[in-house]
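Below: one structure in structure tokens.
Naming convention: chains lettered A, B, ... in sequence-line order (proteins, then strands); numbering from 1 in each chain.
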Amino acid sequence: MEDLLRMPARELGRKIREGELKAPDVAGCYLERIRKAEPHIHAFISVDEGKAAARAKEVEEGIREGRYRGPLAGVPVAVKDNICTKGIRTTCGSRMLENFVPSYDAEVVSRMERQGMILLGKTNMDEFAMGSTTETSVFETTVNPWNKRHVPGGSSGGSCAAVASGEVPLALGSDTGGSIRQPAAYCGVCGLKPTYGTVSRYGLIAYASSLDQIGPVGRTVDDCAVLYEAIAGTDEKDSTSTGTGGGRCSEDVFLTEPGCLKGMRIGIPREYLSDGIDEEVKNAITDAVRLMEANGADAEYFSLEMAEYAIPAYYIIACAEASSNLERFDGVKYGYRSRADAELHEMYKKSRQEGFGEEVKRRILLGSFVLSSGYYDAYYLKALKAKALMKEAFDRAFEKYDCIVAPASPTTAPEVGTSLSDPLKMYLSDIYTVSVNLCGLPAVSLPCAVDSRGLPVGMQFIGARFQDRKVLRTAAVYEQLRGTFPAAWEKEGM
Amino acid sequence: MARQYETVIGLEVHIELSTETKIFCGCSAKFGGAPNTHTCPVCTGMPGSLPVLNEKVVEYALRLGLAANCKINQYCRFDRKNYFYPDNPQNYQISQLYLPICYDGYLDIPAAGGTKRIRIHEMHMEEDAGKLLHDEWEDCSLVDYNRSGVPLVEIVSEPDMRTAEEVIAYLEKLRMVCRYLEISDCKLQEGSMRVDVNLSVREAGSSELGVRTEMKNLNSFKAIAHAIEGERERQTELLEEGRKVVQETRRWDDNKETSFAMRSKEDAKDYRYFPDPDLPPVLISRDMIRELRGRQPEFKEERARRYQEEYKLPAYDAGLLTQSKRLADIFEDTAKLSGHPKKTANWLMGEGLRILKEKGMEPEELTFTPRHLADLIQAAERGEISQKNARTVFEQIVESDIEPLAYMKEQGLMTVSDSDAVHTAIEEVLAENQKAVEEYRSGKEKVLGFLVGQVMRKMKGKADPGKVNELLDEALRKQPHMFLMKGVQEESNRRKTDDA
């Protein structure tokens, strides 16, 4: 069984396809793992064992009948709870949507379904994806499988913890300002934030529409690549959908020799290794850079202009959009309605007051403020201008470098209960991830070391728009150089 | 000396576009339907749903903009207008503020001594809201989202109108243009045309605008005219008394024939407009504009001119028929099919408009087949039906689009062409009305009409009155000395011999 839990997704798929493994057995094995790990990890909000088992049986038949031929047919997956699943409640980690059951599937869910993947459950997250620790969820507190006193990161903390603890081989997260990459780093797994527009947002409950992007989480770069292929592509239901810019991450792309870094130009923003970064994280990154250099890469430290404006621009734009996106949660059509007997506007106020948590309310207030008349030009428009300038700065950087390497977070996972009391500090910790969303870039986060407390350190490979495959390929080469990273659950002996 | 005042009026008109589907989803945009049957996750604001622009809406808005001489924003965008109300499922309306699709246009309206130009500030695309249904019995409100997401164009005029007549003329012009473009049916009662009136009053000669009010809930031209008159008086009185007009939104009450200030929800509305991140900018190419310009229909003025030339219609007829595209289309098809343009015009303008007025219908509601009217006109021209019976048949055509020839046969409305029957009837009438015959012969030619009427009565109206007239006149001339007592049969026999 442990072999099965350690098996890369592509291999798992191949064995199921070839009949060496049966989809119901694989699903059963992971469901058993969930039963065993969940009491400690709390990565899931909902798990429907019956449904998953029935589905696995159906897919198994489908594979034998030739209806499912894709590389992931029969492979289990978990989905973050802000992605709509028809008939399965989708809560966004909020009291507001505690009992919300969507009437339709998100496009990514339909795609995985068509390819015969088995949905095991919905994972915990920061409320409406607002937070960096998964602690703002109104449901249980997910813990870091590496050390249960620490947070898994967020907002896709449930998805990353589920993969890290061996509860699923693959999961979907969403990344608005680092929400896949940072928890992937904290949990020692791999996560991809794809180029904006390459994965349909249809059915993703929006936080900040211009920044949100669904992406894969897996144990390895190749796990992410194979799931990315399954979900990416043009969707006419999403007007911001762009397609992937052609090509596929074919299997052989990842069977590269270490020598493949020869001639690869890598840039490291100096600004990302100066103020506020943990010394151990900094050293882990510079060590990784040296390893790549030793294997043929051309590495260079450079100055990334506009870097200091990323955090304010991000929080202004994200909160502005959130304030509007979250208006629909008013107690009228679905979701939480206050029991207080009140007239319409009072009902709105009470329902939202009681239905949303502190962090969500803070961001709605901030966003409403920056959009209000008299402040729009001073804040929102300025932030858009900063965003445009940042894009230009990255464009210039990508004229010189194939990839930018950066830390995923200034620190490793903090302890549970230490972050929410100082929101500003928490916001500032997004420094290395938010620019990628503002500029619509693809970025992979994967572990590069373990710190002295035994927690994983994450590193990002950032590419130019539509260079998702190049970024994945580079990261895969680095991953080979780095060597196998231990799985948390093996380490913990869970 | 009494001060003179001038009324200044600008309009915000919403037009519901008659596209098959809604502006941001594939649901039907048709009026009506059982509540919440024309809905999907997008138009009910379900979490995670996303809007996708219906390109037809852009096309319709552009065609209206071009017809109203507007400039086009080739790079335009949608913005979110944020406000909480249950008929608005997302609590924001997708509209256009910063870069509306059309701007700086005008429409010329008929005015005393020629035309007057009403400038158009802008036109923008937006989505309609759902409808709230208040259940008095249960004391609750229900929402119907069938209308949510139906495409609208809002046309904002400059404050260029001064009287209710000008306002009505502008609205009629706008409605006519939309109908010629076939982009909206513009029905005020059904809400496919909605008018908000912005009105202020100032001292005559002043160049500064007074404080304005906005009036809503105006469901007919009559209501608009009354509301303008009432508001003009109200504001003038305030100013006369040295008081101030308050800038506010007022709701017209059609039953009470007066307007009331609406309760303001917040002190100052801040819609927190910002570009909708779910919708990329709309890029309109020069080619697209050129292509649409080339596809614009022939509007009223051109058409009226052509009718005068091509069908030799008097200017009055051409003007009247082209008031409505539907009427003009029916005219042209019927004229071509029947080969009698002037007769066609007469039918439509006389009987046609009379029936519409009687039934309170608009020309747009005419649905009959032009072929049917053409058949009727031709039958009448051939003398196969009397004018009076033809009117009955025409009514049936308008009402239920009957096939006239079949109907005439079925109802026995055909003129009897058998001249024997007419002759018999004439002889009978002459025999029965000796006094009238004598009068006629003594020079009282007026009685001829009476005799014709008598013959027609005997024929139950199925004779061609012209023919009867002719034959009767002939009969009266032919037998100046015949004794009136002479038997009808004898006379008839004689005629037969003569003919032989």
Side-chain angles (χ1 to χ4, degrees), chain A residues 82-84 90 92 96-97 100 102-107 197 200-206 208-212 235-242 317 320-321 323-335 344-345 347-349 352 367-376 380-381 384, chain B residues 23-26 36 39-55 77-94 97-98 130 132 134 139-143 145 148 263 265-266 268-282:
Chain A
N82 59 351
I83 298 172
C84 285
T90 299
C92 281
M96 189 53 99
L97 290 178
F100 172 65
S103 60
Y104 71 105
D105 273 326
E107 174 64 14
S200 170
R201 291 187 296 117
Y202 189 78
L204 169 67
I205 300 178
S209 314
S210 73
L211 309 170
D212 293 343
D235 176 19
E236 58 183 24
K237 295 188 295 306
D238 175 359
S239 310
T240 59
S241 162
T242 56
I317 291 169
E321 291 180 13
S323 73
S324 174
N325 284 330
L326 268 58
E327 276 166 354
R328 68 187 68 201
F329 305 107
D330 59 3
V332 172
K333 302 161 293 276
Y334 38 73
L344 180 66
H345 281 264
M347 187 278 281
Y348 281 155
K349 280 185 199 164
R352 289 166 67 79
S368 302
F369 173 75
V370 297
L371 287 179
S372 56
S373 120
Y375 297 100
Y376 179 85
Y380 186 72
L381 269 191
L384 288 186
Chain B
I23 183 168
F24 297 122
C25 64
N36 296 308
T39 54
C40 72
V42 177
C43 58
T44 52
M46 281 295 155
S49 65
L50 293 171
V52 177
L53 178 61
N54 176 352
E55 282 173 22
R77 238 174 23 197
F78 285 97
D79 302 299
R80 290 188 187 174
K81 178 181 183 179
N82 298 285
Y83 67 95
F84 279 79
Y85 205 63
D87 64 3
N88 171 12
Q90 309 143 128
N91 285 326
Y92 58 80
Q93 180 195 30
I94 306 179
L97 176 74
Y98 295 109
L132 287 190
H134 301 282
D139 191 25
C140 68
S141 297
L142 300 166
V143 202
Y145 287 124
S148 165
R263 197 161 37 112
K265 279 173 214 149
E266 280 102 9
K269 268 188 198 148
D270 186 347
Y271 291 119
R272 292 177 285 118
Y273 276 100
F274 76 107
D276 192 323
D278 286 329
L279 289 160
V282 181

- Mind checking whether A:Ser239 and B:Leu53 have side chains closer than 4.5 Å, heavy atoms only?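 The answer is no, as the side chains (C-beta and beyond) never meet within the 4.5 Å cut-off.
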
- Query: So which part of A:Ser103 gets closer than 4.5 Å to some heavy atom of chain B, the side chain, the backbone, both or neither?
  - Reply: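 It is the side chain, since no backbone atom gets that close.
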
- Interchain contact, A:Ala320 with chain B, by part (heavy-atom threshold 4.5 Å):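 For A:Ala320, the backbone is the part near chain B, not the side chain.
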
- Query: Do A:Tyr348 and B:Tyr85 have ring centres separated by under 6.0 Å?
  - Reply: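 They do not qualify: ring centres at least 6.0 Å apart.
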
- Calculate, to the nearest 0.5 Å, the distance between atoms CG and OG belonging to B:Asp276 and A:Ser209 respectively.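 Going from CG on B:Asp276 over to OG on A:Ser209, the span is 7.0 Å.
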
- Query: chain B heavy atoms under 4.5 Å from A:Tyr202: which part of the residue, side chain, backbone, both or neither?
  - Reply: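 Backbone plus side chain of A:Tyr202, per the 4.5 Å heavy-atom cut-off to chain B.
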
- Is there a donor-acceptor contact under 3.5 Å linking the side chains of B:Arg80 and A:Asn325?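 A donor-acceptor contact under 3.5 Å links the two side chains.
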
- Might you point out which heavy atoms bring A:Glu327 and B:Gln90 nearest each other, and give the distance in Å?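 Between these two residues, the closest heavy atoms are CB-O, 3.6 Å.
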
- Message: Please identify, among A:Val332, A:Val370, A:Asp238, the residue contributing the most non-hydrogen atom pairs under 4.5 Å to chain B.
- Response: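 So the answer, after comparing A:Val332, A:Val370, A:Asp238, is A:Asp238.
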
- Message: I need the minimum non-hydrogen distance between B:Asn91 and A:Asp330, along with the two atoms involved.
- Response: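 So the two residues come closest at ND2-OD2, 2.7 Å.
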
- Message: Ring-plane angle category for B:Phe274 and A:Tyr380, please: parallel below 30°, perpendicular beyond 60°, tilted otherwise.
- Response: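 Rings of B:Phe274 and A:Tyr380: perpendicular, over 60°.
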
- Is the side chain of A:Lys333 donor-acceptor paired with the backbone N or O of B:Met46 at a distance under 3.5 Å, no angle test?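 Pair absent, no side-chain N/O of A:Lys333 close to backbone of B:Met46.
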
- Highest number of heavy-atom pairs under 4.5 Å with chain B: which of A:Leu371, A:Leu326, A:Leu97?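 Heavy-atom pairs under 4.5 Å are most numerous for A:Leu371.
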
- Contact winner vs chain A - B:Tyr98, B:Tyr145, B:Tyr273, heavy-atom pairs under 4.5 Å: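 It is B:Tyr98.
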
- Message: Please report the interatomic distance SG(B:Cys40) to OH(A:Tyr104), rounded to the nearest 0.5 Å.
- Response: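 Output value for this atom pair is 9.5 Å.
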
- Query: Can B:Arg272 and A:Ser368 be said to form a side chain to side chain contact (heavy atoms under 4.5 Å, CB included), step by step?
  - Reply: CA-CA 7 Å; B:Arg272 292 177 285 118; A:Ser368 302; 3.7 Å; yes

- Query: Is it the case that B:Tyr92 and A:Arg328 place a side-chain donor and acceptor less than 3.5 Å from each other?
  - Reply: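 Yes.
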
- Message: Out of B:Pro51, B:Pro41, B:Ser141, return the one with the most heavy atom pairs under 4.5 angstrom to chain A.
- Response: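 Among the listed options, the one with the most contacts to chain A is B:Pro41.
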
- Task: Carefully, step by step, assess B:Leu50 and A:Arg201 under the rule side chain to side chain contact (heavy atoms under 4.5 Å, CB included).
- Result: CA-CA 8 Å; B:Leu50 293 171; A:Arg201 291 187 296 117; 3.9 Å; yes

- Query: Which atoms of A:Tyr375 come close to chain B, meaning under 4.5 Å heavy atom to heavy atom: side chain ones, backbone ones, both, or neither?
  - Reply: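 Contact with chain B involves no heavy atom of A:Tyr375 at all.
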
- Return the option, out of A:Gly374, A:Gly203, A:Ser200, with the maximum number of heavy-atom pairs under 4.5 Å with chain B.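 The answer is A:Gly203.
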
- Item | Residue part contacting chain B, namely of A:Leu344, when any heavy atom lies under 4.5 Å |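 For A:Leu344, side-chain heavy atoms alone lie under 4.5 Å from chain B.
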
- Item | Nearest heavy atoms of A:Ser373 and B:Asp270, plus distance in Å |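 Here A:Ser373 and B:Asp270 meet closest at N-OD2, 2.7 Å.
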
- Item | Rounded distance [0.5 Å steps], OG in A:Ser372 versus CG in B:Asn82 |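 That separation rounds to 11.5 Å.
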
- Message: Just so I know, are the side chains of A:Tyr334 and B:Pro47 near enough to count as touching, which here means a heavy-atom distance under 4.5 Å?
- Response: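 Contact flag for A:Tyr334/B:Pro47 side chains = yes.
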
- Is it the backbone or the side chain of A:Glu236 that comes under 4.5 Å from a heavy atom of chain B, or both, or neither?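 Looking at A:Glu236, just its backbone touches chain B.
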
